[in-house]
Engineer: 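This is the structure I have questions about; it appears just below.
Position 1 is the first residue of the sequence; numbering continues from there.
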Amino acid sequence: AAPVQYQAESATISNGLVESNHAGFTGSGFVNYDNEVGSSVEFTVTAASAGPATLTFRFANGTTTNRPMDISVNGSLAADEFSFPSTGVWTSWTTKSTTVTLNAGTNKIKAVATTSNGGPNLDRVDVDAQSGTPDTVA
Ligand code: GCU
């Protein structure tokens with residue numbers, strides 16, 4: 001099935017702001033994480049069936065410093081200090097993927113900044129359930 005796109009600006013944001021001042025985002029904006037440990041974005045995503053899914057995060061990091069985040073799925077750590085390296089400038093967006101296991105139905109995917117720089121600017125996450133059954137449309 002085709003990946004389903006979940007916009008960060010529509011997710012649950014804790015200590016971050018929706019902004020649109022750096023071109024190249026999709027949807028209506030992106031999340032600017034507060035520059036602190038623990039700022040987060042939590043997506044509620046739906047999978048048709050339990051199994052592996054590829055998460056593809058689209059982000060920009062206009063600093064020279066990696067902005068790692070812990071990626072958790074339904075409260076369990078799935079990717080420890082997953083790196084969001086420099087993209088050069090804030091208008092340069094790129095993607096990074098990781099594979100996780102989803103439950104059938106609703107899942108919570110949370111991306112939490114682990115350094116005092118906060119997270120990158122986060123545009124969206126694409127969820128590609130690899131089950132062979134169609135994804136539920138967001
Ligand atoms: C700048 C930039 C923001 C970014 C911030 C940061 O202020 O304009 O989009 O989020 O740096 O360092 O996190």
Side-chain angles (χ1 to χ4, degrees):
V4 179
Q5 299 181 357
Y6 295 89
Q7 294 292 336
E9 64 270 25
S10 303
T12 300
I13 301 161
S14 178
N15 296 349
L17 294 172
V18 175
E19 293 180 345
S20 56
N21 57 327
H22 298 299
F25 55 83
T26 64
S28 58
F30 55 85
V31 171
N32 170 354
Y33 281 73
D34 287 356
N35 300 118
E36 61 186 39
V37 173
S39 49
S40 68
V41 174
E42 185 176 62
F43 299 89
T44 300
V45 313
T46 305
S49 55
T54 301
L55 308 182
T56 300
F57 294 91
R58 188 168 192 270
F59 70 98
N61 176 359
T63 74
T64 56
T65 305
N66 177 31
R67 294 211 174 169
M69 298 199 287
D70 282 346
I71 311 300
S72 68
V73 176
N74 300 320
S76 294
L77 188 60
D80 188 26
E81 297 182 13
F82 190 65
S83 69
F84 291 89
S86 174
T87 61
V89 292
W90 292 109
T91 49
S92 180
W93 301 83
T94 194
T95 59
K96 275 202 65 185
S97 298
T98 187
T99 300
V100 301
T101 303
L102 298 182
N103 297 330
T106 297
N107 294 266
K108 300 286 188 183
I109 295 170
K110 194 171 187 180
V112 184
T114 62
T115 76
S116 58
N117 290 324
N121 286 351
L122 186 62
D123 182 32
R124 67 169 201 254
V125 66
D126 294 356
V127 180
D128 192 359
Q130 300 165 330
S131 57
T133 41
D135 298 329
T136 301
V137 175

Engineer: Are any side-chain N or O atoms of Ser92 and backbone N or O atoms of Val89, one a donor and one an acceptor, separated by less than 3.5 Å?
Structural biologist: no
Engineer: With no hydrogens and no angle check, is any side-chain donor or acceptor of Asp70 less than 3.5 Å from a backbone partner on Glu81?
Structural biologist: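 Present.
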Engineer: Verify, without hydrogens or angle tests, whether Glu19 (side chain) and Asn32 (backbone) share a donor-acceptor contact under 3.5 angstrom.
Structural biologist: no
Engineer: Give the intermediate values and the outcome of side chain to side chain contact (heavy atoms under 4.5 Å, CB included) for residues Asp80 and Thr114.
Structural biologist: CA-CA 9 Å; Asp80 188 26; Thr114 62; over 6 Å; no
Engineer: So, applying side chain to side chain contact (heavy atoms under 4.5 Å, CB included) with Ser97, which one of Asp128, Thr56, Val125, Leu55 is it?
Structural biologist: Thr56
Engineer: Would you sort out whether Ser14 and Glu42 count as a side chain to side chain contact (heavy atoms under 4.5 Å, CB included), showing the intermediate values?
Structural biologist: CA-CA 8 Å; Ser14 178; Glu42 185 176 62; over 6 Å; no
Engineer: Which atom names give the shortest non-hydrogen contact between Gly29 and Ser20, and what distance separates them?
Structural biologist: CA-CB, 4.3 Å
Engineer: Which pair of heavy atoms, one from Ile71 and one from Ala111, lies closest together, and at what distance?
Structural biologist: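 Looking at all heavy atoms of both residues, the shortest contact is CD1-CB, 3.8 Å.
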Engineer: Mark yes or no for whether Arg124, through its side chain, and Gln7, through its backbone, hold a donor-acceptor pair below 3.5 Å.
Structural biologist: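 Checked: no pair found.
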Engineer: In Å, rounded to the nearest 0.5 Å, how long is the span from OG1 of Thr115 to CG of Asn35?
Structural biologist: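 Rounded to the nearest 0.5 Å, the OG1-CG separation comes out at 8.5 Å.
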Engineer: For Asn103 and Ala50, indicate whether the former's side chain and the latter's backbone hold a donor-acceptor pair under 3.5 Å.
Structural biologist: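 No, because the side chain of Asn103 does not come within donor-acceptor range (under 3.5 Å) of the backbone of Ala50.
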Engineer: Is the His22 ring parallel, tilted or perpendicular to the Trp90 ring (thresholds 30°, 60°)?
Structural biologist: parallel
Engineer: Please evaluate residues Tyr33 and Arg67 with respect to the criterion side chain to side chain contact (heavy atoms under 4.5 Å, CB included), reporting the C-alpha separation (whole Å), side-chain torsions for both, the decisive distance (0.1 Å), and the verdict.
Structural biologist: CA-CA 10 Å; Tyr33 281 73; Arg67 294 211 174 169; over 6 Å; no
Engineer: How many angstroms lie between atom CD of Glu36 and atom CG of Asn15, to the nearest 0.5 angstrom?
Structural biologist: 4.5 Å
Engineer: Using atom types as modelled and distance alone, determine if a side-chain donor or acceptor of Asn107 lies under 3.5 Å from a backbone N or O of Gly105.
Structural biologist: yes
Engineer: Among Thr95, Thr87, Asp123, exactly one meets side chain to side chain contact (heavy atoms under 4.5 Å, CB included) together with Phe59. Which residue is that?
Structural biologist: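 Single side chain to side chain contact (heavy atoms under 4.5 Å, CB included) partner of Phe59 among Thr95, Thr87, Asp123: Thr87.
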Engineer: Find the distance between CG (Leu17) and CG (Asp34) and round it off to the nearest 0.5 Å.
Structural biologist: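 Those atoms lie 6.0 Å apart.
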Engineer: Considering all heavy atoms of both residues, which atom of Pro85 and which atom of Lys96 are nearest to each other, and what is their separation?
Structural biologist: CD-CD, 3.9 Å
Engineer: Taking all non-hydrogen atoms of both residues into account, name the closest pair between Ser116 and Val37 and its distance.
Structural biologist: N-CG2, 3.7 Å
Engineer: Out of curiosity, Glu9 CD to Leu122 CG, how far, rounded to the nearest 0.5 Å?
Structural biologist: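 Output value for this atom pair is 9.5 Å.
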Engineer: Main chain of Thr65, side chain of Thr63: is a donor-acceptor contact present, judged purely on distance under 3.5 Å?
Structural biologist: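 Yes; judged by distance alone, with no hydrogens or angles, the pair exists.
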Engineer: In the hydrophobic clustering that connects Ile, Leu, Val, Met, Phe, Trp and Tyr at side-chain heavy-atom distances below 4.5 Å, which members other than Phe25 occupy its cluster, ordered by chain and number?
Structural biologist: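 Under the 4.5 Å side-chain rule, Phe25 groups with Phe30, Trp93.
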Engineer: With rounding to the nearest 0.5 Å, note down the distance linking CG in Asn61 to OG1 in Thr94.
Structural biologist: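 Between atom CG of Asn61 and atom OG1 of Thr94 there are 11.0 Å.
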Engineer: Got a second to check how far Thr98's OG1 is from Ile109's CD1, nearest 0.5 Å?
Structural biologist: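 The CD1 atom of Ile109 is 10.5 Å from OG1 of Thr98, to the nearest 0.5 Å.
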Engineer: Under a single-linkage definition using a 4.5 Å side-chain heavy-atom cutoff for Ile, Leu, Val, Met, Phe, Trp and Tyr, are Val112 and Val31 assigned to the same hydrophobic cluster?
Structural biologist: no
Engineer: What pair of heavy atoms forms the shortest contact from Ala53 to Ala129, and how long is it?
Structural biologist: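 Looking at all heavy atoms of both residues, the closest pair is CB-CA, 3.9 Å.
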Engineer: If we ignore hydrogens and angles and just use 3.5 Å, is the side chain of Lys110 paired with the main-chain N or O of Ser40 as donor and acceptor?
Structural biologist: no
Engineer: Quick check: closest heavy atoms across Ser39 and Gly118, and the distance to 0.1 Å?
Structural biologist: OG-CA, 4.0 Å
Engineer: For Phe43, enumerate each residue passing the ring-ring contact (aromatic ring centres under 6.0 Å, His included) test, keeping only those at least two apart in sequence or located in another chain.
Structural biologist: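 Per chain and number, Phe43 pairs via ring-ring contact (aromatic ring centres under 6.0 Å, His included) with no residue.
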